[in-house]
Amino acid sequence: MPFPNLHIHRSLSSLSSPFSDAFLADKALTFLKRHPYQLNSLFSNFTPEAASFLLLKSQNDQTLILNFLKWAHPHPFFTPRCKCLALHILTKFKLYKSAQSLAEDLAVRTPDPKGNFVFQCLKETYQLCASSSAVIDLVVKSYAHLKFIDKAINIVNLAKINGFMPGVLSYNAILDAVIRCKKPVRFAEEVFEEMVRNGVSPNVFTYNILIRGFCSAGNLDMGLGFFSEMERDGCLPNVVTYNTLIDAHCKLKKIDDAFKLFRAMALKGLKPNLITYNVIINGLCREGRMKETSEVLHEMSQKGFVADEVTYNTLVNGYCKDGNFHQALVLHAEMVRNGLTPNVITYTSLINSMCKAGNMNRAMEFFEQMHVRGLRPNERTYTTLVNGFCQQGLLNEAFRVLNEMVRNGFSPSLVTYNALINGHCMLGKVEEGLKMIEDMVEKGVAPDIVSYSTIISGFCRYRDLEKAFQMKQEMVEKGVKLDAVTYSSLIQGLCEQSRLAEACDLFQEMLNAGVTPDEFTYTTLIYAYCKASFLMLLLIVCLLMVSINKLGQGKQKGFCSNCFMMNLSQVMSCIIC
DNA sequence: CTAGGGTTAG
């Protein structure tokens, strides 16, 4: 039989009875059982109704369903309604992976502005196969995973109205998406309150997600608040909770508190894992505390943990930042010896450290080595190089890397633009920096506080305070909040022009705006005040000397008050400049 | 379903 399929095809196309959908489904089913992978190009007249028949009829046969879905997936007859039916069945089989990818496909490909239509389909197909609320959780999770937050919330609300019970999984997924999208944390709190109001008990995942959200938004206190709330709630923190909190403390340079949490874990009977160690090592490395780093590393291996890719990348980066490039290379070699492959992150670290050392040749060597090892640079690798060239004032090279980046399909990110703005400002081309801002806006990348602060500091550096303050005004109008760096730049600009009173007013404004001054702000002001008081002191000494000299009626040889004043004014102008 | 590593401004 040279063409066994042809016969079936002909017989299916010739059907025209009122039961043709059922018949079609039966035929396809028989065929599917025998030739699961050869269904393509056949059944061109297959219908959504036939698909539904088939799904319902074979809803107890996993393999059959999966084979059918594989075939049906790209075809137009596989409508949202059919997909919903399939979701119920997949969920019943607990085939959550397949169900989730189908749900994501449904979410992406169904024109459905609010999620109402998909919910309607789910509801209608629900009774057909004795499904459960688990489907709602699964669909909500898929929508949340795609960051379709509004639709996910809408589906939860519709589900509640229609008698379904969205569970903790739905809420956790929404919370996670809210936090990953960096929505205001207040939004996350509202979802949490809504969840509690609906009688859904938060679990350890819920709290972990919330704690991470608040911590990464810089609100450690709120994170700690939820930490105590969960204990009060009888929800025991786990390793993940502690790792999240330890990491948050490390990122805020509160390593001592991080260690306290680390010890507290043991008291609660929780064992640290490799991630705990990696988090602490990273915290120490960021602070350049390399001695303690190796101590922790030692403790880690004594407890039987083996350094993984992340550990090595952290260490390579840490030693690079510490300027101990030799040790970084030793670890890089050790990593390879231990069967771990240096990845894009390892190389980006190495490239970055070469950039920071101003050795762009070595940076490019590593960049080429990546290629040799079959590693593809990503957006961050390119941005690191662009920034490196910009910092060296090599704008042409920076643009060459930028072009390669675009050619390889990566769009410049916010950070890429900021690096380029900085490159221009450093060379005094502040107006060109401003043009870059226009450029990025055009490309749909919103300038952030760093973009504006860079321009402001550029204007300050080139003594154009008026334009710097214009920019500040523009930031306020655009609703971008100023931070310590922005204020410090402006204060420094004023100080450098000896406009101390204005600098002081701005400092006051900064405090009123609730922006906490940092080390740099204080150093700038202290330095300016020292300079001013030093001058004042000099002036007093000078006046004293002059009057003493006058009293002495010029009897002392070699002292001429006029010459002294001349010299002093030279010294003063030197200091001022 | 939750946790870790690489990029930007003064």
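In what follows, chains carry the letters A, B, and so on, assigned in the order in which the sequence lines appear, proteins first and then strands, with residues in each chain numbered from 1.
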**Report entry** Residues forming a side chain to side chain contact (heavy atoms under 4.5 Å, CB included) with A:Ile275, sequence neighbours excluded
**Finding:**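 Checked A:Ile275 against side chain to side chain contact (heavy atoms under 4.5 Å, CB included); matches are A:Asn243, A:Asn273, A:Val279.
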Under 4.0 Å, counting only non-hydrogen atoms across every strand here, what does [X] touch: a base, just sugar-phosphate, or nothing?
X        : value
A:Gln391 : sugar-phosphate
A:Thr524 : nothing
A:Ser489 : sugar-phosphate
A:Asn343 : base
A:Val386 : nothing
A:Ser453 : base
A:Arg380 : base

Report task. May I ask you to check whether A:Asn317 and A:Asn352 show a side-chain donor-acceptor distance below 3.5 Å? Result ->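 On atom types as modelled, these side chains do not qualify, holding no pair under 3.5 Å.
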Requested in this report: Provide, to the nearest angstrom, the distance between the CG atom belonging to A:Leu270 and the P atom belonging to B:dT2.
Outcome: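 Rounding to the nearest Å, CG of A:Leu270 and P of B:dT2 are 19 Å apart.
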Show me, pair by pair, the donor-acceptor contacts under 3.5 angstrom made by side chains of residues 426-434 of chain A, not counting sequence neighbours?
unit_1	atom_1	unit_2	atom_2	d
A:Glu431	OE2	A:Lys467	NZ	3.3

Query raised in the report: Is A:Asp518 side chain donor-acceptor paired with the B:dG10 base, going by distance under 3.5 Å alone?
Result: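 Pair found.
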Query raised in the report: Does the base of B:dG10 carry an N or O that pairs as donor and acceptor with the side chain of A:Ser457 under 3.5 Å?
Result: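 Under the 3.5 Å cut-off, the side chain and the base do not form any donor-acceptor pair.
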Of the residues in [range], which ones touch DNA chain B at a heavy-atom distance under 4.0 Å?
range                       : value
residues 345-353 of chain A : A:Ile345, A:Thr348, A:Ser349, A:Asn352
residues 360-374 of chain A : none
residues 236-249 of chain A : A:Val240, A:Asn243, A:Thr244, A:Asp247

Salt bridge (charged side-chain N to carboxylate O under 4.0 Å, His left out) partners of [range], not counting sequence neighbours, each pair once:
range                       : value
residues 327-352 of chain A : none
residues 303-312 of chain A : A:Glu299-A:Lys303
residues 167-178 of chain A : A:Asp176-A:Arg180, A:Asp176-A:Arg212
residues 340-364 of chain A : A:Arg362-A:Glu365

**Report entry** Counterpart residues, ring pair (Phe, Tyr, Trp, His ring centres under 6.0 Å), relative to A:Phe259 (two or more places apart)
**Finding:**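 Partners of A:Phe259 by the ring pair (Phe, Tyr, Trp, His ring centres under 6.0 Å) criterion come out as none, since no residue qualifies.
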Query raised in the report: Who pairs with A:Phe262 by ring pair (Phe, Tyr, Trp, His ring centres under 6.0 Å), at least two apart in sequence or on another chain?
Result: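 Applying ring pair (Phe, Tyr, Trp, His ring centres under 6.0 Å) to A:Phe262 gives A:Tyr277.
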Side chains of residues 138-149 of chain A: which donor-acceptor pairs under 3.5 Å do they make with residues two or more places apart or in other chains?
unit_1	atom_1	unit_2	atom_2	d
A:Lys141	NZ	A:Gln100	OE1	3.2
A:Ser142	OG	A:Leu138	O	2.8
A:His145	ND1	A:Glu104	OE2	2.8

